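So the structure is just underneath, and the comments pick up after that.
Counting starts at 1 for both ligands and their atoms, in listed order. From a predicted model like this one, the values you see are computed outputs, not experimental measurements.
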Amino acid sequence: MHREFDSITEVIIQQLLGLRYTRYMDFHQNIPLKNYLTMRLGGVAKYMTEAHSPDELAAACRSAKQQNIPFFLLGGGSNVIAKDEGYPGLVVLNKVKGFDVIEDTPSYAVIRIGGGENWDEVVARTVEMNLSGIEAMSGIPGSAGAAPVQNVGAYGQEIADTLIQLEAYDSEADSFVVLQNEQCGFSYRSSIFRESATGRYAIYSIALKLYKSAPQPPFYDALQRYFDEVGVTIFTPKVVRDAVLAIRHDKLPDPQERPNTGSFFKNAIIEDWQLEELRKQWPDMPAYDLGNHNFKVPTGWLIEQAGMKNQVISGMRIHDKNCLVLINESAQSYADLAAAREAVIDAVRDMFRINIQQEPLEM
Ligand code: EPU
């Protein structure tokens, strides 16, 4: 164990010297992942280090490759879960900072943001600048660099709508690359980074195009209902941010107080003929037309109908305000979480013959 640690340290020092770096990268061993994941579960990371620059990120990834161990770039840990056996490789904490306006025109600005920045602080800054494009994604925990991985979205916006390009270290080609929006393969809560190119790219910056014009209706249902209730008719990025924060505060548990990873399941995507069949039995089943004969059915609704709301299974509570969320109240292990997950999946499958999918990534 120690010999291995020495060698990984040696490699990294050599590489950093090669890059004429002076900062010493500490490598830690057997670090409990639950301290870095908002679900507060999982085993240990064999190695862990921090990367404060793209060069450090590349150096860390190269070292892992040379040691023949996998690497995992971790941001805020709010959409990742770890198994009880832990992670057998190197976890790199993304600490690459930065917030720079790289283009400024009368109608829009392009901002480059370091992957290690806190997402909500980024949103707050752009809202202060009166820029529109990510204000509805206020209050989402996690880091900026993780946002493209699952194509983060909320209240009618998703990052695919504003992301121009991102910068990453390509561990396969051993080079820094710029990927344009179209190359990221964005779809609902997904991208190449969690599909075909899993583990290949370490994202260290994102560039977003944000507009100087005010946000325009139509707004996402829940948002519009809130505006109607409080009588808001003039819309600014700040007004939208405040509304979203209020709605989220009411519906979604704060991971700092009640460990969770936001939506634990993706909404279900089914075809028109399936919806037609299902509505014969459940005429009230909500569904949003995605075009191409596809419909999105809120999994929270399915779970609620299946009678799972507010149930506690192996220490995991199905959140009463939104059944998509699993809260770790007293679960001791990933196995507990898996038991709850399977119970929910089975209940929905038994009732609706729909296979729902987990949303957070698994290390
Ligand atoms: N619903 C229920 N029961 C529930 C939950 C929802 O009946 O327990 C119904 C609601 O009444 C509503 C519909 O389902 O008619 C949709 O619910 P909501 O607008 O609350 O959104 P969601 O589909 O549950 C998605 C995202 C959230 C995001 C919200 C708002 C996914 C997996 N989840 O949730 O994202 O904040 O929309 O845009 O797409 C996250 O990814 O971690 C997350 C929280």
Side-chain angles (χ1 to χ4, degrees), residues 37-39 75-81 119-120 123 134-143 146-161 186-191 194 215 218-227 240-241 243-255 258-270 275 278 282-290 294-311 317-328 341 344-345 347-348 351-352 354 356-361:
L37 303 175
T38 62
M39 196 60 112
S78 55
N79 200 51
V80 176
I81 55 174
W119 173 257
D120 192 50
V123 177
I134 54 174
E135 65 278 12
M137 292 185 273
S138 288
I140 297 177
S143 66
V149 176
Q150 53 149 338
N151 185 15
V152 159
Y155 301 99
Q157 292 177 346
E158 57 180 23
I159 194 153
D161 302 334
F186 289 125
S187 59
Y188 166 63
R189 284 298 193 280
S190 195
S191 71
R194 59 179 294 175
F219 293 107
Y220 187 87
D221 282 357
L223 199 50
Q224 188 59 54
R225 272 199 303 277
Y226 180 89
F227 288 145
V240 173
R241 174 172 170 80
V244 167
L245 290 177
I247 300 169
R248 287 185 70 97
H249 183 72
D250 190 45
K251 285 229 160 152
L252 296 165
D254 180 352
R258 308 180 75 191
N260 75 87
T261 54
S263 298
F264 192 81
F265 299 100
K266 294 188 190 191
N267 282 323
I269 300 189
I270 62 172
L275 181 63
L278 288 161
W282 293 278
D284 299 335
M285 180 181 281
Y288 306 97
D289 194 348
L290 300 176
N294 286 327
F295 285 81
K296 184 152 86 179
V297 175
T299 296
W301 186 90
L302 300 174
I303 297 171
E304 192 172 338
Q305 299 301 309
M308 303 299 277
K309 181 170 162 168
N310 214 19
Q311 282 205 34
R317 183 182 296 275
I318 294 131
H319 188 37
D320 60 344
K321 302 242 179 82
N322 188 337
C323 296
L324 277 189
V325 181
L326 299 186
I327 301 169
N328 176 8
R341 173 184 65 199
V344 174
I345 290 175
V348 170
M351 191 155 177
F352 299 104
I354 293 177
I356 57 169
Q357 285 173 5
Q358 175 176 313
E359 210 247 322
L361 286 173

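- Closer than 4.0 Å to atom 11 (O) of ligand 1 lies none of the heavy atoms of the protein.
- Formation of a donor-acceptor pair under 3.5 Å by the W119 side chain with backbone atoms of M137 is found in this model.
- Of all the atoms in ligand 1, the ones that sit under 4.0 Å from a non-hydrogen atom of E304 are 2 (C), 3 (N), 4 (C), 7 (O), 8 (O).
- Distances between N or O atoms of S263 and those of ligand 1 include at least one value under 3.5 Å.
- Residue Y155 has at least one N or O atom closer than 3.5 Å to an N or O atom of ligand 1.
- At the top of the distance list for atom 5 (C) of ligand 1, counting protein heavy atoms only, stands N322 OD1, 3.2 Å.
- Which of Y288, F265, W301 comes nearest to atom 15 (O) of ligand 1 through a heavy atom is settled by distance: it is Y288.
- Here the CZ-CD1 distance, from F186 to I159, works out to 7.0 Å after rounding to the nearest 0.5 Å.
- Atoms of ligand 1 lying under 4.0 Å from any heavy atom of R189, numbered from 1 in the order shown and given with element: 26 (C), 27 (C), 31 (C), 33 (N), 35 (O), 39 (O), 40 (C), 41 (O), 43 (C).
- A distance-only check finds no donor-acceptor pair linking the side chain of Y155 to the backbone of V240 [under 3.5 Å].
- The main-chain N or O of S191 is never found under 3.5 Å from a side-chain atom of N151 such that the two would form a donor-acceptor pair.
- Atoms of ligand 1 lying under 4.0 Å from at least one heavy atom of N267, given by number and element, are 23 (O), 31 (C), 32 (C), 39 (O).
- Side-chain atoms of T299 come within 3.5 Å of backbone N or O of K266 as a donor-acceptor pair.
- Within the 3.5 Å criterion, the main-chain N or O of G139 finds a donor-acceptor partner in the side chain of D120.
- For residues 243-254, no pair satisfies salt bridge (charged side-chain N to carboxylate O under 4.0 Å, His left out), with sequence neighbours left out.
- Looking at ligand 1, you won't find any N or O of Q150 less than 3.5 Å from one of its N or O atoms.
- Using a distance-only test at 3.5 Å, with no hydrogens or angles considered, no donor-acceptor pair links the side chain of R189 to the main chain of Q150.
- Considering F264, Y220, Y188 only, the shortest heavy-atom separation from atom 21 (O) of ligand 1 involves Y220.
- A salt bridge (charged side-chain N to carboxylate O under 4.0 Å, His left out) check over residues 295-306, counting only residues at least two apart or in different chains, returns the pairs E304-K309.
- Closest to atom 13 (C) of ligand 1 by heavy atom, among P298, G300, C323, G262, is P298.
- Of the candidates P360, A154, S78, it is A154 that places a heavy atom closest to atom 36 (O) of ligand 1.
- Applying the 4.0 Å criterion to heavy atoms of K251 picks out, from ligand 1, the atoms 20 (O).
- Taking distance alone, with nitrogen or oxygen atoms compared against 3.5 Å, P286 stays at or beyond that limit from ligand 1.
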